[in-house]
There are 2 protein chains.
Amino acid sequence: MTPDRPLRADARRNRERLLAVAEEVFAARGTGASTEEIARQAGVGIGTVFRHFPTKEALLAAVFLGRLERLGERARELSAAAEPGPAFFGFFALVVDQASAKNAFADALEQAGVDVEGVTSGVSGQLGEALGELLHRAQEDGAVRADLGVAELKALLVGASRAVEFAGDPETRARTLAVFLDGLRPTSG
Amino acid sequence: MTPDRPLRADARRNRERLLAVAEEVFAARGTGASTEEIARQAGVGIGTVFRHFPTKEALLAAVFLGRLERLGERARELSAAAEPGPAFFGFFALVVDQASAKNAFADALEQAGVDVEGVTSGVSGQLGEALGELLHRAQEDGAVRADLGVAELKALLVGASRAVEFAGDPETRARTLAVFLDGLRPTSG
DNA sequence: ATAGAATCGGAGTTGTGACTCCGATTGAAC
DNA sequence: GTTCAATCGGAGTCACAACTCCGATTCTAT
């Protein structure tokens, strides 16, 4: 389908630099940030941005795709390396922490939901699997209530990210997060 | 400060109609919806929109202000009419329900946080008081964990709205909401 | 070192949306 | 019914952001 001749060295550099800068800028200024701003910060011309990403939407999709991929990796790592309970809650905290710096996961997942050009669906699926494993292991271990699925977990991650972002100071955040964590535990009754 | 001569009948009508339509349109299309669209749907010229609300931001502020006011009223009503526990959880569910139709509260509170021109601060304070009463009564009644304040409650309302909005189908929503409700209850330990 | 294909830069185009201005209209006071 | 100030409508202005185009530049294969 795609002959995909390897990119010239400078092109490859620019592409990577653009992705990195775009991620920062979108995180800092929101997805409304202008492509020109990104080009300037990356030290390239606007033309270069649009050659690599034919559309602003495509650039956004690429950035979110990267986020989802990294998130999936992290979930798999934790799944393999830690006890089910800590792995699960560690991942939850990690996502929420990122979000408190900048609402990464919510945007990313949302974008995946909208699914720009269908690009993200594959990765989104992978992430879903990783989340599923994390969740099910924690449930079998009795660390997390049994009546939740991956869909609920995603919603909760989005909600927690948002809540924690909204809560300004660290103490409010901690107390807010505690509600989520306690709510996730098996019901005592 | 403001002589505030009463508006002419047609002006008053237009102003109200604009607010109503703007609320609908912003809810449906997001806050990025154009003023022209709102004018068209309200059946007035663009000039009329800008005479009543000198800025799109001012229009947004007015809409959000209305939402916050109604929310505060509702909280006070419940506070007066129902048992502490049901009053609290009823309000929580109510906010979340609205949000699932369209993310009303999150946007409204967020806007209040940004506080366009300081207009919302008064009402936001009132809402805060109403929430405080709802919360404290429920806590004294033992229906809600004691380690939460109004700040945490607001964050949780925002987060829950978002989470439930993200969760597509009603069943996922219910299970997601259950995590919040259980997390809000006093910790058994 | 050289050719020439790939890539770059950024001025220019296009579209959109907030906001202004003023002649036309309409409500209210008499 | 007349008057006139308040209000209206919407064409026009202005700013900004996405996207295009092409001459200038740079990489790479020989």
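Please read these numbers as outputs of a predicted model, since none were measured by experiment. Every chain is numbered from 1 and lettered A, B, ... according to where its sequence line falls, protein lines coming before strand lines.
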- Message: Centroid separation under 6.0 Å, is that true for the rings of A/F180 and B/F180?
- Response: yes

Give the rounded distance in Å between these two atoms: [atom1] of [X] and [atom2] of [N].
X     : N      : atom1 : atom2 : answer
B/F26 : C/dA18 : CZ    : C1'   : 12 Å
B/L18 : D/dC8  : CG    : C1'   : 12 Å
B/R17 : D/dT7  : CZ    : C1'   : 17 Å
A/R13 : D/dC27 : CZ    : C1'   : 10 Å
A/I38 : D/dA18 : CD1   : C1'   : 12 Å
B/L59 : C/dC19 : CG    : P     : 10 Å
A/R40 : C/dC8  : CZ    : P     : 19 Å
B/F50 : C/dC22 : CZ    : P     : 17 Å

Polar atoms only, N or O, under 3.5 Å: list the protein pairs with nucleotides 28-30 of chain D and their distances.
from, atom 1, to, atom 2, distance (Å)
D/dT28, OP1, A/A9, N, 3.2

- Message: Ring of B/F89, cation from B/R185 - is the NZ or CZ under 6.0 Å from the centre and inside 45° of the axis?
- Response: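 Yes, B/R185 lies over the aromatic ring of B/F89.
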
- Distance-only, no hydrogens or angles: does the B/Q98 side chain make a donor-acceptor pair with backbone N or O of B/A93 under 3.5 Å?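 Checking the backbone N and O of B/A93 against the side chain of B/Q98, no donor-acceptor pair under 3.5 Å is found.
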
- Task: In plain terms, say whether B/R145 and A/D182 are close enough for a salt bridge, that is, a side-chain N and a carboxylate O under 4.0 Å apart.
- Result: yes

- Whether each nucleotide of nucleotides 9-17 of chain D has a protein heavy atom under 4.0 Å at its base (B), only at its sugar-phosphate (S) or at neither (-) is summarised, 5' to 3', as BB------S

Nearest 0.5 Å please: distance from the [atom1] atom of [X] over to the [atom2] atom of [Y].
X      : Y      : atom1 : atom2 : value
B/R70  : B/R67  : CZ    : CZ    : 7.5 Å
A/R175 : B/D147 : CZ    : CG    : 7.5 Å
B/F166 : B/T176 : CZ    : OG1   : 10.0 Å
A/F26  : A/E37  : CZ    : CD    : 10.0 Å

- Which residue pairs pass the salt bridge (charged side-chain N to carboxylate O under 4.0 Å, His left out) test with at least one member in residues 74-89 of chain A, sequence neighbours excluded?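 Pairs touching residues 74-89 of chain A that pass the test: A/R74-A/E77.
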
- Message: So, OP1 or OP2 of D/dC8: does either fall under 4.0 Å of a side-chain N or O from B/H52?
- Response: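 B/H52 to D/dC8 OP1/OP2: side-chain N or O found under 4.0 Å.
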
